[in-house]
Amino acid sequence: MPTQTEHVREANFDSIVGPTHNYAGLSPGNVASSTNRGEVSRPRDAALQGLAKMRALAKMGLLQGWLPPHPRPEFGVLREAGFTGDEAELVRTAAAEAPHLLARASSSSFMWAANAATVAPAPDTEDGRLHLAVANLRTMPHRRIEAPTTERILRRVFPDESRIVVHAAVEGDGLTDEGAANHTRLAVDDGPGTHFFVYGSRADSDVRPRRYVARQTLAASRAVADVLRIPESRRVFAQQHPDAIDAGVFHNDVIAVGNERVLLHHELAFLDPDSVLAELDRNLDGGLIPIRVPADRVSAEEAVRSYLFNSQLVTLPDGSMALVCPGECRDSAAVSAYLEDLVGDDANPITAVHVFDLRQSMRNGGGPACLRLRVGLRASDEEAVHPGCLYTESRYERLVDWVERWYPEELAASDLADPGLLVAARDALDELEGILELPGLYDHRS
């Protein structure tokens, strides 16, 4: 069995959806994002649905936190394109002359906290500190603007550098990194973690998707593993199947999900699944529990439509595991039938399925797992987290009230041209600083 180490309790830090949540269809390869382009969004519902999921997981006994939204619009996008004037003028001019740039600057894509960073818990690292490596998200123009703000937020949420280190995004040719959506920590009991990195392409191979771009490179995954100070012996790298990417699996967490010793994955998830699973099993001293979902039960296309694998696989306080799924999994006859068989199978520890309405985020291409960043914490590390970003019922109630007062009920693309939306969003974020006890987080008043 693996050597005993300190107990790691997984925390879920969900991003609070921003007030400019909209359907601009900015993400090629993300089927839901492209399909719903131009539709009217419901930012208030999106934020409340996300908060409701956080509350439910906290009520299950899980450690739950939240990450504040990024300020939007990101005016640097507009100024770099040559627009000038005060911010109200920037919004009006961009809406008239370059609406696609205004949509990019207003995107709430930071809500996908699984792309914020990659995380290695303290017991797994060479210096015994928890490390977070911010993702550069260079593939998509609307996402590459996120890294500096993400870094600033994470440094406020995890301020104790003696125990937790936040690293800037990796930079360099060929280093395109999409964060924890392509990373899974596996471990047996309290044994050392094995860090499983999944990439879409590598520089020395022509094996890559034909329809969509592969967003994660092997070089980036290796660079992130170095930054996180994960020992070489605890790293496993695998290539995502290019056919899956072409089917709309833009991140590994759309086709596979793992927790402790369990890896739930579609048969099309990895290019060489037999060798990948064998290597993971060796790293876990024979303890891996692989659950392969065959394509004749759930096709890759149905996995993308339902976001079955973008469920959260969590360990409950009694030691059992549960899948936290979007409602779309129950809407799919094939997926629903598979889930019934899964929880009825005594050969795996998954005993329950919890279904949530996350339709607003699902319509933009992200489910339960996209909304959260998994952070493994020792008991001493929990004390190092900013307390305003850990769940309490009273703060949850204040956040719900805040959303209901400030967020638009509906948002069309044309609404982004209204400078009043900018003013309201800024006033809302000013109030949020007080709710989360993070004074000075947003610099838009300076």
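- Judged by distance alone, with hydrogens and angles left aside, the side-chain atoms of E87 form no donor-acceptor pair with the main-chain N or O of P73 at under 3.5 Å.
- Listed for the H266 side chain is a donor-acceptor partner under 3.5 Å among the backbone atoms of L268.
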side-chain contact (heavy atoms from CB on, under 4.5 Å), that's the test. Do D124 and I230 meet it? Break it down for me.
CA-CA 6 Å; D124 298 351; I230 299 168; 5.6 Å; no
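- Side-chain contact between V236 and H195: absent, with no pair of heavy atoms (C-beta onward) separated by less than 4.5 Å.
- At least one donor-acceptor pair closer than 3.5 Å links the side chain of R234 to the backbone N or O of N283.
- Within the 3.5 Å criterion, the main-chain N or O of M111 finds no donor-acceptor partner in the side chain of S108.
- Between D14 and R55, none of the side-chain N atoms (NZ, or NE/NH1/NH2) sits under 4.0 Å from a carboxylate O, so this pair counts as no salt bridge.
- A donor-acceptor pair under 3.5 Å links the side-chain atoms of Q64 to the main chain of N12, judged by distance alone.
- Evaluated for a side-chain hydrogen bond (donor to acceptor under 3.5 Å, both in side chains) with Q312, the options K53, H354, R374 yield exactly one hit, K53.
- Taken from CG in N252 to OG in S221, the straight-line distance is 10.0 Å, to the nearest 0.5 Å.
- The side-chain tip of R222 points at the ring of F237 from less than 6.0 angstrom away and within 45° of straight on.
- Considering CZ of R104 and CG of L78, their distance stands at 10.0 Å, rounded to 0.5 Å.
- Distance check: F158 CZ to H386 NE2 gives 11.0 Å after rounding to the nearest 0.5 Å.
- In this structure, F13 has its ring center at least 6.0 angstrom away from the ring center of W66.
- A salt bridge is absent between D177 and R215: the closest approach of a Lys/Arg side-chain nitrogen to an acidic carboxylate oxygen does not fall below 4.0 angstrom.
- The pair R9-E382 meets the salt-bridge criterion, with a side-chain N (NZ, NE, NH1 or NH2) lying under 4.0 Å from an Asp/Glu carboxylate O.
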- What's the verdict on side-chain hydrogen bond (donor to acceptor under 3.5 Å, both in side chains) for S332 and E302, showing C-alpha distance, side-chain angles and the deciding distance? CA-CA 8 Å; S332 166; E302 194 65 13; 2.5 Å; yes
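- The aromatic rings of H131 and H167 lie parallel to each other, their planes meeting at an angle below 30°, with 60° marking the opposite boundary.
- A donor-acceptor pair under 3.5 Å is formed between the side chain of N364 and the backbone N or O of N22.
- Put simply, the side chain of T351 does not reach to within 4.5 Å of the side chain of M321, judged on heavy atoms.
- Separating the OG atom in S275 from the CG atom in L280 is a distance of 9.5 Å, to the nearest 0.5 Å.
- Between Q216 atom CD and N182 atom CG the span is 4.5 Å, to the nearest 0.5 Å.
- Salt bridge E151/R155: present, at least one basic N to carboxylate O contact under 4.0 Å.
- Contact annotation: the side chain of R163 never approaches that of R129 to less than 4.5 Å [non-hydrogen atoms, C-beta and beyond].
- A donor atom on one side chain and an acceptor atom on the other are found under 3.5 Å apart for N115 and R143.
- Residue E97 holds its CD atom at 12.0 Å from CG of L102, rounded to the nearest 0.5 Å.
- Using a 4.0 Å cut-off between charged nitrogen and carboxylate oxygen, E340 and R330 count as a salt-bridge pair.
- Within 6.0 Å of the CG atom in D173, the count of heavy atoms belonging to other residues, nucleotides or ligands does not exceed 12.
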Please test I289 against L263 for side-chain contact (heavy atoms from CB on, under 4.5 Å), starting from the C-alpha separation and ending with a verdict. CA-CA 6 Å; I289 302 176; L263 182 63; over 6 Å; no
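- Between D246 and R208 there is no salt bridge, since no side-chain nitrogen of the basic residue lies less than 4.0 Å from a carboxylate oxygen of the acidic one.
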